[in-house]
Amino acid sequence: MCIFDDLRKDHDFQRELANALIHTHTDAGTRMEVFSRLKRELTAHVYAEAEYLHHALLTNDLTREASFGSLSDHRALLMLIDMLEETEYESTRWLAIARTLHHRLHFHLAEEEHQLFSLASHVLDDDKRAEIAMRYRQQMTHGVMSAPVN
């Protein structure tokens, strides 16, 4: 499996969690559970992707700008996660922030899959893709398992 397959699989799971998050309405228990899972998955993903994929892409002129854009999106997504943590689960503000996170996440993932992956496929050979995938998957396994739960 190459890195792009691994990332798409994780992106699909993040989309599912983000969709579930905005459909929790006022059920604080479900919100907490879905949010905790999304936070763990997204945080581990952001750090593993930056460490292995973006580290390789930032050194190439073809992929540098798109990679910086993706990293900037990651920071914005993590800021929204922080905002959700600081907001009462039952409040309407929480749901508004969750909807913003949902929208930004879906937009970011689509942009990454269509733009960044296309550019990166020209820069990374098969061996490098496989190496990045192996390291990414190891980090994701460790990162998701060790991430604190709210």
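For the single chain, residues carry numbers from 1 onward in sequence order.
With sequence neighbours excluded, the residues forming a salt bridge (charged side-chain N to carboxylate O under 4.0 Å, His left out) with R135 are E131, listed by chain and number.
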With side chain to side chain contact (heavy atoms under 4.5 Å, CB included) as the test, would you mind laying out the steps for D73 and E111 before giving the verdict?
CA-CA 10 Å; D73 288 348; E111 186 175 58; 3.5 Å; yes
Applying side chain to side chain contact (heavy atoms under 4.5 Å, CB included) to D12 and L109, what does each step give before you reach the verdict?
CA-CA 9 Å; D12 288 343; L109 297 177; over 6 Å; no
Audit row: R129, S121, side chain to side chain contact (heavy atoms under 4.5 Å, CB included) steps and yes/no
CA-CA 9 Å; R129 290 180 204 176; S121 69; 3.5 Å; yes
Verdict with supporting geometry, L105 and R15, side chain to side chain contact (heavy atoms under 4.5 Å, CB included)
CA-CA 8 Å; L105 179 64; R15 284 183 185 99; 5.9 Å; no
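Rounded to the nearest 0.5 angstrom, M140 CE and E51 CD are separated by 13.5 Å. Expressed to the nearest 0.5 Å, how far NE2 of H11 lies from CG of L42 amounts to 9.0 Å. Interatomic distance, CG of D82 versus CG of L77, reported as 11.5 Å (0.5 Å rounding). Atom CG of residue L95 and atom CG of residue L101 lie 11.5 Å apart, to the nearest 0.5 angstrom. Interatomic distance, R104 CZ to T100 OG1, rounded to the nearest 0.5 Å: 8.5 Å. Interatomic distance, CZ of R99 versus NE2 of H103, reported as 13.5 Å (0.5 Å rounding).
Residues F68 and L124 are members of separate hydrophobic clusters, defined by side-chain heavy-atom contacts under 4.5 angstrom among Ile, Leu, Val, Met, Phe, Trp and Tyr. Residue I3 is grouped with residue L62 when hydrophobic side chains (ILVMFWY) are merged at heavy-atom distances under 4.5 angstrom, including chains of intermediate members. Linking ILVMFWY side-chain heavy atoms closer than 4.5 Å, directly or via other members, places W94 and I22 in two distinct hydrophobic clusters.
Between L71 and V46 the shortest side-chain heavy-atom distance does not fall below 4.5 Å. Contact annotation: the side chain of L119 never approaches that of L57 to less than 4.5 Å [non-hydrogen atoms, C-beta and beyond]. At least one side-chain heavy atom of T63 sits under 4.5 Å from a side-chain heavy atom of N60. When side chains are defined from C-beta on, E112 counts as touching H108, because their heavy atoms get closer than 4.5 Å. Looking at heavy atoms from C-beta onward, H54 lies in side-chain contact with H74 at the 4.5 angstrom threshold.
In terms of heavy atoms, L17 sits closest to E41 at CD1-CG, 3.9 Å. Closest approach of C2 to A133, counting heavy atoms only: C-CB, 3.7 Å. Contact detail for S67 and L116: the closest heavy-atom pair is N-CD1, 3.8 Å. Summarising the geometry of T87 relative to M83, their closest heavy-atom pair is OG1-O, 2.7 Å, with the distance given to 0.1 Å. Contact detail for Y89 and M32: the closest heavy-atom pair is CE1-CG, 3.1 Å. Looking at every heavy atom in both residues, I81 comes nearest to F35 through O-CZ, 3.6 Å.
Other residues, nucleotides and ligands contribute at most 12 non-hydrogen atoms within 6.0 Å of the OH atom of Y47. The 12-atom threshold is not exceeded at CD of E33, counting heavy atoms of other residues, nucleotides or ligands nearer than 6.0 Å. Environment of CZ in R8: crowded, with over 12 heavy atoms of neighbouring residues, nucleotides or ligands closer than 6.0 Å. Within 6.0 Å of atom CD in E65, 12 or fewer heavy atoms from other residues, nucleotides or ligands are found, so the atom counts as exposed in its surroundings.
Side chain of S118 to main chain of Q115: no donor-acceptor pair is present (N/O by atom type, distance under 3.5 Å, no hydrogens or angles). T141 places a side-chain N or O within donor-acceptor distance of the main-chain N or O of R137, the cut-off being under 3.5 Å. Between the side chain of T43 and the backbone N or O of R40, no donor-acceptor pair lies under 3.5 Å. The main-chain N or O of A98 is never found under 3.5 Å from a side-chain atom of H102 such that the two would form a donor-acceptor pair.
A salt bridge does not link K9 to D6: none of the charged side-chain nitrogens sits closer than 4.0 Å to a carboxylate oxygen.
Side-chain polar atoms of E49 and H45 form a donor-acceptor pair below 3.5 angstrom.
You'll find the ring centres of Y136 and Y52 outside the 6.0 Å limit.
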